Amino acid sequence: MIHVGIGYDVHELVVGRKLILGGVEIPHTKGLDGHSDADALAHAITDAVLGALGEADIGHFFPNTDTRWNGAPSRVFLEEAARQVRLRGGRLVNVDASVIAEAPKIAPHLAAMKIHLAAALGLDPRKVGVKATTNERLGFVGREEGIAAMAVASIDLPE
Ligand code: MG
(Lines give C-alpha, C1' and ligand atoms only; values in the text may rest on other atoms or scores of the structure.)
Protein backbone atom coordinates (compact mmCIF):
# COMPACT_ATOMS: atom_id res chain seq x y z
CA MET A 1 0.00 0.00 0.00
CA ILE A 2 1.45 3.37 -1.00
CA HIS A 3 1.31 6.14 1.61
CA VAL A 4 2.36 9.74 1.09
CA GLY A 5 3.41 12.39 3.58
CA ILE A 6 4.07 16.11 3.45
CA GLY A 7 6.61 18.22 5.29
CA TYR A 8 7.34 21.93 5.59
CA ASP A 9 9.99 23.84 7.48
CA VAL A 10 11.39 27.35 7.83
CA HIS A 11 14.48 28.64 9.58
CA GLU A 12 15.64 32.20 10.10
CA LEU A 13 18.73 33.48 8.27
CA VAL A 14 21.20 35.10 10.65
CA VAL A 15 24.77 36.32 10.54
CA GLY A 16 27.31 34.03 12.18
CA ARG A 17 25.83 30.64 11.26
CA LYS A 18 26.79 28.18 8.52
CA LEU A 19 24.23 27.70 5.77
CA ILE A 20 23.49 23.99 5.53
CA LEU A 21 20.83 22.68 3.17
CA GLY A 22 20.35 19.04 2.28
CA GLY A 23 23.50 18.30 4.28
CA VAL A 24 25.61 20.55 2.04
CA GLU A 25 27.40 23.63 3.36
CA ILE A 26 26.72 26.53 0.99
CA PRO A 27 28.96 29.61 1.08
CA HIS A 28 26.86 32.64 2.08
CA THR A 29 26.96 35.74 4.28
CA LYS A 30 24.27 34.29 6.57
CA GLY A 31 23.22 30.87 7.79
CA LEU A 32 20.10 29.24 9.18
CA ASP A 33 19.49 29.59 12.90
CA GLY A 34 18.15 26.76 14.99
CA HIS A 35 18.77 24.15 17.60
CA SER A 36 20.38 21.56 15.31
CA ASP A 37 22.23 22.53 12.13
CA ALA A 38 18.89 24.11 11.09
CA ASP A 39 18.85 22.28 7.76
CA ALA A 40 15.28 23.21 6.73
CA LEU A 41 15.40 20.93 3.68
CA ALA A 42 16.41 17.87 5.70
CA HIS A 43 13.76 18.72 8.31
CA ALA A 44 10.98 19.04 5.71
CA ILE A 45 11.94 15.67 4.21
CA THR A 46 12.10 14.07 7.68
CA ASP A 47 8.59 15.33 8.42
CA ALA A 48 7.32 14.06 5.06
CA VAL A 49 8.64 10.55 5.79
CA LEU A 50 7.25 10.58 9.35
CA GLY A 51 3.95 11.93 8.01
CA ALA A 52 3.66 9.09 5.51
CA LEU A 53 3.95 6.72 8.48
CA GLY A 54 1.22 8.61 10.31
CA GLU A 55 3.78 9.42 12.97
CA ALA A 56 4.23 12.59 15.02
CA ASP A 57 6.53 15.26 13.65
CA ILE A 58 10.27 15.76 13.92
CA GLY A 59 9.87 17.78 17.14
CA HIS A 60 8.38 14.72 18.84
CA PHE A 61 11.24 12.41 17.85
CA PHE A 62 13.94 15.03 18.46
CA PRO A 63 12.65 17.58 21.00
CA ASN A 64 14.60 20.85 20.98
CA THR A 65 14.64 20.64 24.79
CA ASP A 66 16.98 17.64 24.46
CA THR A 67 20.58 18.85 24.47
CA ARG A 68 21.66 15.74 22.53
CA TRP A 69 20.40 17.49 19.37
CA ASN A 70 22.31 20.75 19.99
CA GLY A 71 24.08 21.43 16.71
CA ALA A 72 23.25 17.90 15.55
CA PRO A 73 23.71 17.19 11.85
CA SER A 74 20.22 16.68 10.44
CA ARG A 75 21.43 13.51 8.80
CA VAL A 76 20.57 11.74 12.07
CA PHE A 77 16.93 12.86 11.72
CA LEU A 78 16.72 11.53 8.16
CA GLU A 79 18.34 8.26 9.22
CA GLU A 80 15.88 7.87 12.09
CA ALA A 81 12.86 8.54 9.84
CA ALA A 82 14.13 5.94 7.35
CA ARG A 83 14.68 3.52 10.24
CA GLN A 84 11.06 4.02 11.35
CA VAL A 85 9.94 3.01 7.84
CA ARG A 86 12.01 -0.18 8.00
CA LEU A 87 10.72 -0.97 11.53
CA ARG A 88 7.20 -1.08 10.01
CA GLY A 89 8.36 -3.43 7.28
CA GLY A 90 8.00 -0.59 4.80
CA ARG A 91 10.11 0.72 1.96
CA LEU A 92 10.76 4.31 1.00
CA VAL A 93 9.70 4.76 -2.64
CA ASN A 94 10.77 8.35 -3.34
CA VAL A 95 10.97 11.83 -1.90
CA ASP A 96 10.63 15.16 -3.66
CA ALA A 97 11.36 18.57 -2.21
CA SER A 98 11.62 22.26 -3.03
CA VAL A 99 13.82 24.84 -1.35
CA ILE A 100 12.42 28.38 -1.41
CA ALA A 101 15.26 30.86 -1.04
CA GLU A 102 15.91 34.31 -2.48
CA ALA A 103 19.67 33.96 -2.06
CA PRO A 104 22.18 32.44 -2.46
CA LYS A 105 21.83 30.46 -5.68
CA ILE A 106 20.87 26.93 -4.71
CA ALA A 107 20.99 25.25 -8.13
CA PRO A 108 24.77 24.63 -8.19
CA HIS A 109 24.40 22.52 -5.02
CA LEU A 110 21.37 20.41 -5.94
CA ALA A 111 23.34 17.41 -7.18
CA ALA A 112 25.42 17.23 -3.97
CA MET A 113 22.27 17.60 -1.85
CA LYS A 114 20.58 14.70 -3.66
CA ILE A 115 23.57 12.43 -3.05
CA HIS A 116 23.72 13.35 0.65
CA LEU A 117 19.97 13.01 1.22
CA ALA A 118 19.79 9.72 -0.68
CA ALA A 119 22.64 8.26 1.38
CA ALA A 120 21.00 9.31 4.66
CA LEU A 121 17.67 7.80 3.59
CA GLY A 122 19.12 4.66 2.03
CA LEU A 123 17.63 5.58 -1.34
CA ASP A 124 18.94 5.67 -4.89
CA PRO A 125 19.74 9.34 -5.68
CA ARG A 126 17.45 9.06 -8.73
CA LYS A 127 14.55 8.69 -6.29
CA VAL A 128 15.35 11.94 -4.50
CA GLY A 129 14.03 15.09 -6.16
CA VAL A 130 15.38 18.45 -4.96
CA LYS A 131 14.42 21.67 -6.68
CA ALA A 132 14.92 25.32 -5.84
CA THR A 133 12.90 28.44 -6.46
CA THR A 134 12.84 32.04 -5.23
CA ASN A 135 9.84 33.72 -3.64
CA GLU A 136 9.89 36.48 -6.28
CA ARG A 137 11.17 38.90 -3.60
CA LEU A 138 7.85 38.60 -1.70
CA GLY A 139 7.43 38.12 2.03
CA PHE A 140 10.01 36.97 4.57
CA VAL A 141 11.73 34.68 2.09
CA GLY A 142 11.86 37.50 -0.45
CA ARG A 143 13.44 39.81 2.15
CA GLU A 144 16.05 37.09 2.83
CA GLU A 145 14.96 36.77 6.45
CA GLY A 146 14.63 33.01 6.16
CA ILE A 147 14.63 29.96 3.92
CA ALA A 148 11.71 27.55 3.57
CA ALA A 149 11.49 24.00 2.29
CA MET A 150 8.65 21.68 1.46
CA ALA A 151 8.72 17.98 0.74
CA VAL A 152 6.64 14.93 -0.02
CA ALA A 153 7.56 11.33 0.62
CA SER A 154 6.07 8.12 -0.66
CA ILE A 155 6.44 4.83 1.17
CA ASP A 156 5.25 1.30 0.50
CA LEU A 157 3.83 -0.23 3.69
CA PRO A 158 2.46 -3.72 4.30
CA GLU A 159 -1.34 -3.64 4.83
MG1 MG B 1 13.51 22.73 11.43
Side-chain angles (χ1 to χ4, degrees), residues 1-13 17-26 31-101 106-107 109-135 139-141 146-159:
M1 205 53 156
I2 298 294
H3 296 241
V4 296
I6 186 171
Y8 174 77
D9 196 28
V10 172
H11 282 269
E12 186 182 2
L13 272 172
R17 289 269 302 185
K18 288 180 182 175
L19 175 57
I20 309 227
L21 282 171
V24 175
E25 187 176 336
I26 300 174
L32 295 175
D33 197 19
H35 186 67
S36 63
D37 62 7
D39 185 336
L41 173 57
H43 297 180
I45 292 172
T46 300
D47 260 355
V49 173
L50 293 173
L53 285 170
E55 282 289 353
D57 67 15
I58 187 170
H60 170 84
F61 280 87
F62 308 101
N64 61 14
T65 50
D66 188 333
T67 51
R68 271 184 304 167
W69 313 121
N70 259 336
S74 294
R75 181 183 184 104
V76 300
F77 307 155
L78 291 162
E79 287 170 348
E80 176 60 19
R83 193 179 74 90
Q84 291 292 327
V85 174
R86 291 192 300 273
L87 280 176
R88 301 274 200 94
R91 181 180 64 88
L92 208 44
V93 177
N94 78 306
V95 301
D96 186 29
S98 288
V99 176
I100 306 117
I106 305 296
H109 307 284
L110 292 177
M113 289 180 190
K114 278 189 192 195
I115 287 168
H116 173 89
L117 293 165
L121 292 166
L123 262 181
D124 186 313
R126 290 172 300 183
K127 295 178 177 174
V128 178
V130 186
K131 306 171 302 302
T133 186
T134 72
N135 219 33
F140 71 88
V141 170
I147 287 177
M150 50 181 72
V152 291
S154 169
I155 60 179
D156 193 359
L157 280 179
E159 299 225 25

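No experiment lies behind these values; they were computed from the predicted model shown.
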Looking only at heavy atoms, what is the nearest atom pair of [X] and [Y], with distance?
X: Ala48; Y: Ala151; answer: CB-O, 3.7 Å
X: Arg17; Y: Ala38; answer: NH2-CB, 3.7 Å
X: Ala149; Y: Ala44; answer: O-CB, 3.6 Å
X: Asp39; Y: Gly23; answer: OD2-N, 2.7 Å
X: Gly7; Y: Asp47; answer: CA-CB, 3.9 Å
X: Trp69; Y: Pro63; answer: CD1-O, 3.4 Å

How long is the span from the [atom1] atom in [X] to the [atom2] atom in [Y], to the nearest 0.5 Å?
X: Leu121; Y: Leu92; atom1: CG; atom2: CG; value: 5.5 Å
X: His35; Y: Asn70; atom1: NE2; atom2: CG; value: 4.0 Å
X: His11; Y: Ser36; atom1: NE2; atom2: OG; value: 5.5 Å
X: Ile20; Y: Asp37; atom1: CD1; atom2: CG; value: 5.0 Å
X: Phe77; Y: Ile45; atom1: CZ; atom2: CD1; value: 13.5 Å
X: Ile106; Y: Leu19; atom1: CD1; atom2: CG; value: 6.5 Å

### Query
What's the verdict on side chain to side chain contact (heavy atoms under 4.5 Å, CB included) for Val141 and Ile147, showing C-alpha distance, side-chain angles and the deciding distance?
CA-CA 6 Å; Val141 170; Ile147 287 177; over 6 Å; no
Identify every side-chain donor-acceptor pair in residues 50-57 under 3.5 Å, counting partners at least two apart or on other chains, and give the distances.
from, atom 1, to, atom 2, distance (Å)
Glu55, OE2, Arg88, NH2, 3.0
Asp57, OD1, Gly59, N, 3.1
Asp57, OD1, His60, N, 3.3

#### Entry: Exercise: do His43 and Asp9 side chains pair donor with acceptor under 3.5 Å
yes
### Query
Run the side chain to side chain contact (heavy atoms under 4.5 Å, CB included) check on Ile26 and Leu21 step by step: do they pass?
CA-CA 7 Å; Ile26 300 174; Leu21 282 171; 4.1 Å; yes
### Task
Check step by step if side chain to side chain contact (heavy atoms under 4.5 Å, CB included) holds for Thr46 and Phe61.
CA-CA 10 Å; Thr46 300; Phe61 280 87; over 6 Å; no
### Query
Under 3.5 Å, side chain of Asp156 to main-chain N/O of Met1, donor-acceptor pair present?
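It does hold such a pair.
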### Query
Taking only residues two or more places apart in sequence, or in another chain, which ones meet Asp96 in a side-chain hydrogen bond (donor to acceptor under 3.5 Å, both in side chains)?
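For Asp96 the side-chain hydrogen bond (donor to acceptor under 3.5 Å, both in side chains) partners, ignoring immediate neighbours, are Lys131.
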### Summary
Sorted by chain and number, sequence neighbours left out, side chain to side chain contact (heavy atoms under 4.5 Å, CB included) with Arg75 holds for Glu79, His116, Ala119, Ala120
### Message
Any non-hydrogen side-chain atom of Val95 less than 4.5 Å from a side-chain atom of Leu117?
### Response
no
### Task
Please test Ile100 against Met150 for side chain to side chain contact (heavy atoms under 4.5 Å, CB included), starting from the C-alpha separation and ending with a verdict.
CA-CA 8 Å; Ile100 306 117; Met150 50 181 72; 3.8 Å; yes
